[in-house]
Amino acid sequence: MRPLRRGLLACAVSAVALVASVEPMMVGRVAQAEDVSPSVYAPISPQRMSDAMKVLGSDAFEGRAPGTPGEAKTVAWLIERYKQIGLEPAGENGGWIQRVPLQHTRVGTPDLLQVAFGKNTLKLAHVQDIYFTTARGVDRLTIRNAPLVFVGYGVHAPERGWDDFKDVDLRGKIAVFLVNDPDFDAKPGEAVAGKFGGRAMTYYGRWTYKYEEAARRGAIGALIVHDTPGASYGWSTVIAPGGESFDIARSGERQPVLMQGWISTPAAIKVFAQAGLDLPALRVQARQVSFKPVTLPKALFSVDAPVEVSHLESQNVLGKLTGSKHPDETVMFGAHWDAFGMSKDAQGHTIIRHGAIDDGSGVAGVLEIARAFKAGPQPDRTVMFASWTAEERGLLGSAWYTMHPMAPLEKTAANFTMDVLQMAGPARNVFMVGAGQDSVQDDIAAAAEKQGRVMLPEAMPERGAFYRADHLPFARAGVPVAALMDMAGYPDLIKGGVPAGRKWLQDYMVCYHQACDAWSPDWDVRGAAEDVALLYTVGRNLAFSQNWPQWKPGSEFASVRAKSAAVRGNK
């Protein structure tokens with residue numbers, strides 16, 4: 001990935017001419033059958049959604065990687081669409097964009113990687129035993145003789161009566177975590193069973209939370225013990241980035257830990273055994289509220305590895321319709337424009353990972369919702385339409401926005417996110433990731449019922465999909481959210497039922513993040529349009545009201561929103 005020059009804006013503007021030459025190539029019509037009334041997805045146009053995905057997923061956009069010519073073309077095309085719709089600029093300095101400074105690091109092969117136990121030293125194999133990255137802009141990742149402290153699941157959740165840390169001092173130490181939540185492996189009858197939603201993952205179970213908590217407590221590093229069920233993916237997925245990491249370029253904000261990574265279960269068992277500890281037994285103890293952190297006796301961790309660092313500047317694209325009565329209150333719709341760009345396959349051939357569905361479908365949905373709002377009366381509240389950068393690099397564009405908001409987050413009524421919508425046609429159901437978090441999700445369930453559909457919770461909540469898309473930074477900032485991600489379960493299709501829906505999702509997952517996530521004239525986009533119409537309906541109701549959605553009492557994000565209640569009249 002090449003660094004993005006500050007001259008990209010000029011390049012983006014000139015790219016509008018190139019984009020205009022792409023548009024006439026759009027041919028074919030959205031596949032349809034007479035099995036559902038267009039009123040179900042009105043005023044959303046499946047055809048326009050398909051057209052937008054065809055352009056965004058075309059070779060001309062080179063896979064839309066941040067910091068590449070593909071970004072310039074994408075940003076130019078989005079700005080032109082926003083203008084054609086009739087939106088107002090909502091970015092910096094009265095413009096359409098918000099600049100997002102990014103940092104890219106890649107850790108090389110370490111010269112030193114070991115745990116010393118007095119006179120005995122256990123060498124660790126890089127990649128095989130332990131995988132790590134750094135989000136710091138350092139030229140070497142060097143840690144010498146840092147104590148290892150096992151912190152169980154590393155959860156601090158006052159609202160659930162849980163604290164794994166017990167005021168342990170982690171400054172200058174390596175925190176060792178178990179993945180997922182304290183109740184993930186709980187047996188029936190254990191006191192912790194169901195305390196964190198059972199098999200459904202909370203944010204406390206995500207590796208990102210554990211790294212953040214380690215940093216908040218002054219740790220120099222964080223290692224998570226990998227197991228496939230708890231992580232929901234195998235070791236091959238852990239090591240796939242090859243030492244590469246992206247982060248926001250931070251200056252003044254809290255810095256991440258110097259080293260963050262994973263240790264395989266076999267390697268962790270060896271390390272604990274050398275320290276005279278039984279890791280399987282500690283796993284059981286970590287499921288108890290009385291658990292206290294355990295310092296591994298005499299275990300001192302050391303690593304020394306080179307780091308390549310580069311910087312680039314990417315862009316969020318922001319448009320809005322200013323509210324007529326309450327312009328300082330905002331309803332937001334968003335999706336990420338970025339994909340994985342170009343790379344080489346095993347044979348050395350250049351491939352483009354087009355990202356037509358992930359997340360060309362979401363961007364197409366944002367544009368359709370913007371058109372629908374513009375075609376109607378001016379909303380009471382401001383409505384913002386966001387196309388985020390660097391979602392695939394760690395939700396970085398949306399995270400940057402929440403750190404540098406263009407509208408007050410305390411008065412952002414809700415964030416609606418679309419990420420991977422299904423292309424198999426009208427369905428009887430719709431899936432909500434993280435169902436039960438807030439009242440916005442209840443409103444969407446009611447709107448789905450009016451469509452003649454039923455909203456279901458995601459089929460595999462243990463995968464934590466709620467914590468893997470651009471609504472998450474808003475949730476962490478206290479903004480109520482709702483996200484539609486059609487990878488969350490098998491659609492019950494009007495044509496073919498669940499078997500046909502299962503086939504669509506299984507076929508799509510073969511292409512997930514691959515070159516074959518490309519536009520097809522065979523798509524039936526009406527299923528995606530139904531989902532987009534749901535969010536438009538609920539968002540429109542909010543935009544023409546003074547209602548403030550609420551987090552459910554058990555949500556880990558409720559306390560954040562509560563701190564700003566006075567700004568909203570104690571709502």
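The figures here come from the full heavy-atom set of this structure, side chains too, leaving out hydrogens, waters and symmetry mates. No experiment lies behind these values; they were computed from the predicted model shown.
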Between [X] and [Y], does at least one N-O distance fall below 4.0 Å, as a salt bridge requires?
X    : Y    : result
D442 : K552 : yes
E212 : R476 : yes
R206 : D181 : no
D492 : R502 : no
R371 : E368 : yes
E62  : K73  : yes

Is a donor on one side and an acceptor on the other found under 3.5 Å between the side chain of [X] and the backbone of [Y]?
X    : Y    : answer
R381 : T330 : no
D517 : I357 : yes
D507 : V510 : no
Q98  : V317 : no

Problem set entry | Separation of F474 CZ from T417 OG1 (nearest 0.5 Å) |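 Separation between the atoms: 7.0 Å.
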
Exercise. When rounded to the nearest 0.5 angstrom, what distance separates CD in E556 from OH in Y203?
Worked result: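 Interatomic distance, E556 CD to Y203 OH, rounded to 0.5 Å: 9.5 Å.
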
Exercise. Which is it for Y82 and S387 under the side chain to side chain donor-acceptor pair (under 3.5 Å) test, yes or no, and what are the steps along the way?
Worked result: CA-CA 11 Å; Y82 281 23; S387 298; 3.0 Å; yes

For this session: Would you mind listing every disulfide (SG to SG under 2.5 Å) that reaches into residues 470-521, with sequence neighbours excluded?
Result: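 Residue pairs passing disulfide (SG to SG under 2.5 Å), neighbours aside: C511-C516.
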
For this session: Determine whether the side chains of Q315 and E71 contain a donor N or O and an acceptor N or O closer than 3.5 Å.
Result: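 Yes, side-chain donor-acceptor contact under 3.5 Å.
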
For this session: Quickly, which of R453, Q422, Q451 forms a side-chain hydrogen bond (donor to acceptor under 3.5 Å, both in side chains) with D531? Name it, please.
Result: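 The single option meeting the side-chain hydrogen bond (donor to acceptor under 3.5 Å, both in side chains) with D531 is R453.
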
